[in-house]
2 protein chains.
Amino acid sequence: MDKAGTIEPKEPKTARGEATRRALLGAAEKVIGRLGYAEASIGAITREAGVAQGTFYIYFKGKDEVFSELVRDMGRNLRHTITGATAGISDRLEAEREGLRAFLTFVAGHPELYRIVQEALFVDADAYRAYFSTFADGYRQGLEAAALGGEVRPGDADIRAWALMGIARSLGERAVVFGKTTPIDDVVDSVYDLFVHGLKR
Amino acid sequence: MDKAGTIEPKEPKTARGEATRRALLGAAEKVIGRLGYAEASIGAITREAGVAQGTFYIYFKGKDEVFSELVRDMGRNLRHTITGATAGISDRLEAEREGLRAFLTFVAGHPELYRIVQEALFVDADAYRAYFSTFADGYRQGLEAAALGGEVRPGDADIRAWALMGIARSLGERAVVFGKTTPIDDVVDSVYDLFVHGLKR
DNA sequence: TCATAACATGAATACTGATTCACCTTTCAT
DNA sequence: ATGAAAGGTGAATCAGTATTCATGTTATGA
């Protein structure tokens with residue numbers, strides 16, 4: 001009668017199992033990204049992964065679980081990418097600009113990111129909130145530091161963080177969901193100008 | 001053998017029927033807003049509306065149809081509200097500010113707006129695109145006119161439109177989904193400052 | 001006042017797809 | 001070389017609900 005320590009019905013790791021799990025995760029990303037959560041059947045996922053349906057349940061408790069894992073995964077990847085792209089840039093505005101560029105580039109390469117993250121609000125609201133809260137926190141800290149250093153004018157860092165995040169999201173969506181193909185560098189330049197100077201003539 | 005002109009299985013209008021339809025639509029808004037599309041059963045909607053399940057199909061072809069109608073409805077309402085709030089304001093930046101205030105106020109009063117509109121991407125992508133395209137067009141036209149009039153500095157109006165829309169969306173979500181309760185007027189002031197001056201000190 | 005179109009009912013049907021399970025195969029430590 | 005443990009299979013359940021339908025009820029125009 002154990003149960004507290006054991007990992008229950010999943011998390012199995014040994015050699016090829018790891019590979020199968022990855023295959024499943026990758027297949028889930030592809031299928032869910034294409035069809036959406038509701039339409040993506042376990043059958044379609046396992047077919048894509050090249051395994052039998054039952055195999056799915058060796059590694060995941062259910063459909064929601066892969067999904068949640070996917071959301072966390074993508075968040076990590078994206079954060080990692082952006083961190084890499086902005087590491088070592090001391091000027092805040094410039095860091096903001098490069099972060100945006102990295103974000104838009106990543107998104108262009110992972111168009112399913114939107115569907116999946118956005119659908120998370122309905123499938124796993126906690127994962128959704130965690131995803132955006134984490135991003136917002138990052139933005140906010142950067143802005144606070146910059147305000148302290150006198151790089152940017154004073155103002156509510158949290159609101160600004162959400163505003164900037166909204167800009168990035170919106171322009172990513174403009175490209176991926178609405179098919180507007182303005183080159184990323186042009187988008188970045190426009191937004192940077194907006195960041196720095198605002199709208200006023 | 002007609003069919004072209006007739007309205008098929010719905011659109012019936014006669015006295016109380018109209019009322020029932022409205023009740024159903026209102027119930028759908030409430031229930032879908034609360035539970036999300038997938039979890040919202042027809043049973044729950046008709047129960048909320050106080051009618052039998054079959055009644056639902058007198059007025060709507062299916063679950064998707066109410067949903068689509070809801071999305072369009074909300075878009076119209078919101079647009080109407082914002083138009084009303086900004087009518088007669090000739091200064092573009094000020095109009096932008098009041099539009100944002102109206103938007104955030106509306107959203108605070110209709111927290112289910114987010115769930116529903118956001119879920120539309122999965123249930124009825126066309127309605128989703130129409131919703132945001134319409135908004136973006138409005139923003140863009142306003143910005144183009146302002147640029148022509150020399151009120152704002154030159155720049156890509158479409159990109160700016162999407163950026164501003166993203167800011168509004170993000171801050172609405174910050175309140176409704178993430179429960180941050182900064183007073184609307186404070187949010188508006190912060191964002192306005194950002195609009196006008198940008199971040200640079 | 002009654003014929004008829006609208007409107008309403010809710011139990012029965014139908015379908016879809018997630019999850020289970022009894023059994024087979026591969027791996028590898030000893 | 002061998003027997004657990006880990007990994008894998010896929011057909012058979014099973015649950016949940018959208019949709020249908022045969023049957024009432026209400027309203028109104030002639």
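Not measured: the values here are computed from a predicted model. Letters A, B, ... mirror the listed sequences (proteins, then strands); counts begin at 1. Values reported hereafter were calculated over all heavy atoms of this structure, with side chains retained and with hydrogens, waters and symmetry mates removed.
- Computed from coordinates, the B:L24 CG to C:dC7 C1' distance equals 12 Å when rounded to whole Å.
- Note: NZ (B:K63) to P (D:dT20) measures 15 Å, nearest angstrom.
- When heavy atoms are screened at a 4.0 angstrom cut-off, B:A44 is found touching no nucleic acid atom at all.
- If you take CD1 of B:I42 and P of C:dA12, they are 20 Å apart, rounded to a whole angstrom.
- Straight-line distance from the OH atom of A:Y57 to the P atom of C:dA18: 6 Å, rounded to whole Å.
- Computed from coordinates, the A:R47 CZ to D:dG10 C1' distance equals 13 Å when rounded to whole Å.
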Please output the side-chain donor-acceptor pairs of residues 32-44 of chain B that fall under 3.5 Å, not counting sequence neighbours, one pair per line with the distance.
unit_1 : atom_1 : unit_2 : atom_2 : d
B:Y37  : OH     : B:D64  : N      : 3.2
B:S41  : OG     : B:A44  : N      : 3.0

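- For B:R16, the listed nucleotide lying nearest its side chain is C:dA8; candidates were C:dT26, D:dA18, C:dA8.
- Taking 4.0 angstrom as the limit, B:T20 places a side-chain polar atom (N or O) nearer than this to OP1 or OP2 of C:dA8.
- We find that CZ of B:F56 is positioned 21 Å from P of C:dA6, with the value rounded to whole Å.
- Checked against the 6.0 Å centroid criterion, the rings of A:W162 and A:Y139 do not qualify as a close aromatic pair.
- Residue side chain A:Q53 does not reach the base of D:dT9 through any donor-acceptor N/O pair under 3.5 Å, judged by distance alone.
- Computed from coordinates, the A:L35 CG to C:dT16 C1' distance equals 15 Å when rounded to whole Å.
- Within the nucleic acid shown, B:T55 comes within 4.0 Å of at least one base atom, counting heavy atoms only.
- Regarding A:Y37, its OH atom lies at a distance of 8 Å from the P atom of C:dA18, rounded to whole Å.
- Applying the side-chain contact (heavy atoms from CB on, under 4.5 Å) rule to A:R92 yields the partners A:A95, A:E96, A:A146, A:E151; only residues at least two apart in sequence or on another chain are considered.
- Ring pair B:H110/B:F106 is parallel by interplanar angle, where below 30° counts as parallel and above 60° as perpendicular.
- In the set D:dG7, C:dA8, C:dG17, the nucleotide with an atom closest to the side chain of A:Y59 is D:dG7.
- Under the 4.0 Å criterion applied to side-chain N and carboxylate O atoms, B:D124 and B:R129 are not assigned as salt-bridge partners.
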